[in-house]
Amino acid sequence: MDLTKLNDKQLEAVKMTEGPVLILAGAGSGKTRVLTTKVAYLVLEQGINPYNILAITFTNKAAKEMKERVLKMLGKDAYKIQISTFHSLGLLILKTHYHNLGFEKNLTILDSDDTLTIIKKIIKDMNLDSKIYNPRVIRNKISSAKNEIISPSEYGKFASSDYEQIITEIYEKYERKIKNNNSVDFDDLLILPIKLFKENPNILHEYQERFKYLLVDEYQDTNEAQYVLIKLLSSKYQNISVVGDIDQSIYGFRGANYRNILNFEKDYPKANIVLLEENYRSTGNILNVANDIIKNNKKRKEKKLWTKNEEGLKIKYHRAYDEQDEAHYVMGEIKKLIKNGAKKSEIAVLYRTNAQSRNMEEALLNENVPYKVVGSFYFYNRKEIKDLISYLKLLYNANDDVSLMRVINVPKRQIGPKTIQALALKASEKHTSLYKAIDGGKELEFKKIIENIKAQSEDISLTDLVDLILNETGMKKELEREKTLEAEVRLENLEEFKSITKSFEEKNGIISLEEFLEEISLVSDVEEHKNNNDVVTLMTIHSAKGLEFEHVFIIGLEENLFPHANALDYPDELEEERRLCYVAVTRAKKSLTLVNAKRRLLYGNVNANLPSRFIDEIDAKYLDSDVKEEKPKFDKEAMIDDTITYKPGDKVIHDKYGEGIIIAAGNILTIAFSQKYGIIKIMKGHKSIRKV
DNA sequence: CGGCAATGTGTTTTT
DNA sequence: CACATTGCCG
């Protein structure tokens, strides 16, 4: 095989196939190349059975990319290699050994909204004040405990106050509750396999024999549970290669412990260490900026990235008037790039918080530049979509009380809180689920509907099943009856959901309900399910990790936003913010633009923030800044006519799309055009559109 | 039970 | 600001 593309260090890392290897890989130093080449090397040069290899990544995106690359190098042998995220690996193990853990086969995966619902209900049932016992806070505490593999009883032992004692109680009830529902949360996907392995050494042994070779990406972001899982799997053969970079540890808030990487040598005394410091991705200037920023962190191992690449352009710095002006500036720069031949897919706008995408979206809509927002869950968060998914989940697992509660009265069936309370009482007396406890009343009608769908659902496609649900439950009819424009949008969304299931079927052939639910629980980002070609990417810096773009914009570089206000008082968190900034900067290959705004609308108030300290940390000689300009260059009045107001139902005409009807009106108009164009969003007051 | 209005309430990052 | 929850009334 061709190993000539690797440098000496990379080659060294690839060839160390036996025993533990720690690869300290700086940003852009080719770690993905090393990992994938190593996988191929194991199979092609060492004759290792691909079935014996396990590669673990953090994100679905990274797993997908690795699969594609390995497929290119190995052909269909690649399918035998287990390449997955921690969570999907956990699920795989659970689905094989559910019985040993006291679960039934048809497990439901709870997302963080589901867990919140459960915790709220527990707090209510315990007659606690939810202002003191904040469900969100408690949910996070329970999750942290689980990620550190602390059981409720252990948690109780550490409880030093009444408050903590109550949390212990909630934690216990929560665990009992989800188990009774035959469901697991995200954290369980990690800790249940650990429990399984500890209780059944023979099963662990099986997996150790199967996965003789382990490769782990982003090791600095492993939390305790992930760490233990890897440790267990690798302890027999110790053929484990981990790749990581302390400077890119950005998941501390989720329990990630970058010390796992520092402790690697202690955990595996025979470990070999390889340092990758040559960067192939970015220009010299971009790297200089990255180094300038990260060197301010105290808690790190000295390391300096270098590159043979050219110095490149200076880093642009622009201070805008407000958040809209900021978006408009970026928009203008994007247009220039495109005009000069850049592909839209080579451009990314990165930000600290999801909420920041909105202004950018408006600006892009304004100019009709296609884009995608990565990691936005708003599609799956819509009521009608959640309802539909709940029906699917309930069909799959009748014990899923959370889903049942969600849809038992959707559409309205005169089943209110009182009925549900009575049902809940019955269920708990009989030690069974809500669904199974139903034996009369209006609830029985509901149960019959579900049973009826079940009876008809044999041998039909997923898309047909969705149709069946929409029809049989009356969801569709109710929305159609409403005749409001809002209902129309909901129906549209349900249609879009069907197009997602269809594309699943096209890609994978027949897909079972089980597989589909698994996929959308683990990959909740709609964008991952679509084929987006040439569009500009908007995303949080967290989502951008591991990716690279020719042209990167980092927006909102202001004190209180980035670094975030909540981090300012905590040195460790501030260092994590700085690492985050380092990650953002090192995504860029050719050009990097830093932007912030003097004023920003936040929670309805206008705030004036200072420029981010991270900008001060950069040596001015690398910057091409235009901060002198005081006035907003963007004259809103010229572009947008604020005097026009639209309301749903208004007829409009668009330069390109022709006639349409307003479905929803806000700052962004949702307009239904002819069949050919469908529903399109356009900025209110945009010059391309006018009232008829 | 269902719908609407008033009244809080709180927003970092994700598998 | 935007949303979620609560409270009140038909």
Side-chain angles (χ1 to χ4, degrees), chain A residues 56-63 84-91 109-113 115-117 120 124 130-131 134-137 140 143 146-147 184-191 218 221-223 225-226 249-256 323 350-359 374-378 381 383 408-421 442 478 482 518-525 528 539-546 556 560-568 570 573-574 576-577 579-581 583-584 600-607 666-667:
Chain A
I56 305 178
T57 63
F58 256 76
T59 62
N60 299 299
K61 234 184 244 125
S84 54
T85 63
F86 274 104
H87 290 84
S88 56
L89 172 71
L91 184 62
I109 301 166
L110 302 169
D111 65 25
S112 43
D113 274 350
T115 54
L116 191 63
T117 307
K120 275 181 186 164
K124 205 169 187 180
S130 65
K131 275 170 201 145
N134 180 317
R136 260 164 206 282
V137 172
N140 294 343
S143 177
K146 292 183 84 164
N147 275 313
V184 294
D185 62 22
F186 279 129
D187 306 322
D188 285 331
L189 296 177
L190 305 173
I191 60 176
E218 310 280 12
D221 281 328
T222 48
N223 63 28
Q226 290 161 331
S249 162
I250 55 174
Y251 283 100
F253 69 94
R254 207 172 76 186
E323 74 280 351
L350 309 182
Y351 37 80
R352 177 68 241 267
T353 67
N354 280 306
Q356 287 168 263
S357 71
R358 221 177 121 175
N359 293 303
V374 173
S376 74
F377 312 101
Y378 72 101
N381 259 333
K383 184 189 176 297
I408 193 164
N409 203 28
V410 178
K412 302 273 179 299
R413 301 188 177 95
Q414 277 105 37
I415 301 173
K418 238 182 170 175
T419 317
I420 292 171
Q421 210 175 356
K442 290 164 189 145
E478 188 186 49
E482 264 190 51
E518 177 179 328
E519 182 79 15
I520 59 173
S521 323
L522 258 30
V523 188
S524 51
D525 184 351
E528 301 262 325
M539 62 184 154
T540 64
I541 300 163
H542 281 89
S543 316
K545 192 161 83 144
N560 293 319
L561 185 59
F562 192 21
H564 195 273
N566 294 357
L568 296 183
Y570 307 95
E573 289 187 31
L574 201 58
E576 182 150 314
E577 295 286 307
R579 290 193 292 271
L580 197 54
C581 190
V583 168
R600 185 175 293 276
L601 196 63
L602 210 64
Y603 314 141
N605 302 318
V606 178
N607 293 53
N667 246 341

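Keep in mind that the numbers below use all heavy atoms, side chains included, and drop hydrogens, waters and symmetry copies. Nothing here was measured: the structure is a model prediction, and the numbers come from that model. A, B, ... follow the sequence lines: proteins, then strands. Residue 1 opens every chain.
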(request) Sticking with atom P, work out how far B/dT11 lies from C/dT6, rounded to a whole angstrom. (result) 15 Å

(message) For the P atoms, the ones on C/dA4 and on B/dT13, what distance do you get once it is rounded to whole angstrom?
(response)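 16 Å, rounded to whole Å.
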
Contact class for [X] vs. all strands (heavy atom < 4.0 Å): base, sugar-phosphate, or nothing?
| X | result |
| --- | --- |
| A/Asn409 | sugar-phosphate |
| A/Gln226 | nothing |
| A/Ser543 | sugar-phosphate |
| A/Tyr251 | sugar-phosphate |
| A/Phe562 | nothing |

(request) Kindly indicate whether the side chain of A/His542, heavy atoms from C-beta on, has any atom under 4.5 Å from the side chain of A/Phe253. (result)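 A side-chain contact exists here, since the closest heavy-atom pair is under 4.5 Å.
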
Are OP1 or OP2 of [N] and a side-chain N or O of [X] less than 4.0 angstrom apart?
| X | N | value |
| --- | --- | --- |
| A/Thr540 | B/dT12 | no |
| A/Lys131 | B/dT9 | yes |
| A/Asn354 | B/dT13 | yes |
| A/Asn560 | B/dT12 | no |
| A/Thr419 | B/dC1 | yes |
| A/Arg136 | B/dT11 | yes |
| A/Arg254 | B/dT12 | no |

Heavy atoms from C-beta onward define the side chain here; which of [options] lies closest to that of [X]?
| X | options | answer |
| --- | --- | --- |
| A/Arg358 | B/dT13, B/dG2, C/dA2 | C/dA2 |
| A/Thr59 | B/dT15, B/dT13, B/dG2 | B/dT15 |
| A/Lys120 | B/dG2, B/dT13, C/dT5 | C/dT5 |
| A/Phe253 | B/dT14, B/dT15, B/dG10 | B/dT14 |

Specify the separation, in whole Å, of atom [atom1] of [X] and atom [atom2] of [N].
| X | N | atom1 | atom2 | answer |
| --- | --- | --- | --- | --- |
| A/Asp221 | B/dT13 | CG | C1' | 11 Å |
| A/Asn140 | B/dT14 | CG | P | 14 Å |
| A/Arg352 | B/dT11 | CZ | P | 15 Å |
| A/Leu574 | B/dT13 | CG | C1' | 15 Å |
| A/Leu110 | B/dT15 | CG | C1' | 14 Å |
| A/Asn134 | B/dG8 | CG | P | 18 Å |
| A/Arg600 | B/dT11 | CZ | P | 20 Å |
| A/Asp187 | B/dT14 | CG | C1' | 11 Å |

(message) Using modelled atom types and a 3.5 Å cut-off, is there a donor and acceptor pairing between side-chain atoms of A/Gln226 and backbone atoms of A/Phe86?
(response)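 Not at all, since once roles are kept as given, no pair shorter than 3.5 Å links the two residues.
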
(message) Pick the closest DNA chain B nucleotide for A/Ile415 and for A/Leu602 by heavy atoms, then say which residue is nearer the 5' end.
(response)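 The 5'-side residue here is A/Ile415.
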
(request) Assign each of A/Lys412 and A/Phe58 to its nearest nucleotide of DNA chain B by heavy atoms, then name whichever residue's nucleotide is nearer the 5' end. (result) A/Lys412

(message) For a quick test of reading the model, state the closest non-hydrogen atom pair linking A/Glu478 to A/Pro411 and the distance between them.
(response)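 What the structure gives for the nearest pair is OE1-CB, 3.1 Å.
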
(request) Can you spot which of A/Leu91, A/Leu89, A/Thr85 makes a side chain to side chain contact (heavy atoms under 4.5 Å, CB included) with A/Leu189? (result)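 Going through A/Leu91, A/Leu89, A/Thr85 one by one, the side chain to side chain contact (heavy atoms under 4.5 Å, CB included) with A/Leu189 is satisfied by A/Leu91 alone.
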
(request) Mark yes or no for a side-chain to base donor-acceptor pair under 3.5 Å between A/His87 and B/dT15, with no hydrogen or angle criteria applied. (result) yes

(request) State the CD-CZ distance between A/Glu218 and A/Phe58, to the nearest 0.5 angstrom. (result) 7.0 Å

(message) What's the separation between atom CG in A/Asp185 and atom OG in A/Ser521, rounded to the nearest 0.5 Å?
(response) 12.0 Å

(message) Tell me whether A/Arg352 is salt-bridged to A/Glu577, with the criterion being a basic N under 4.0 Å from an acidic carboxylate O.
(response) yes

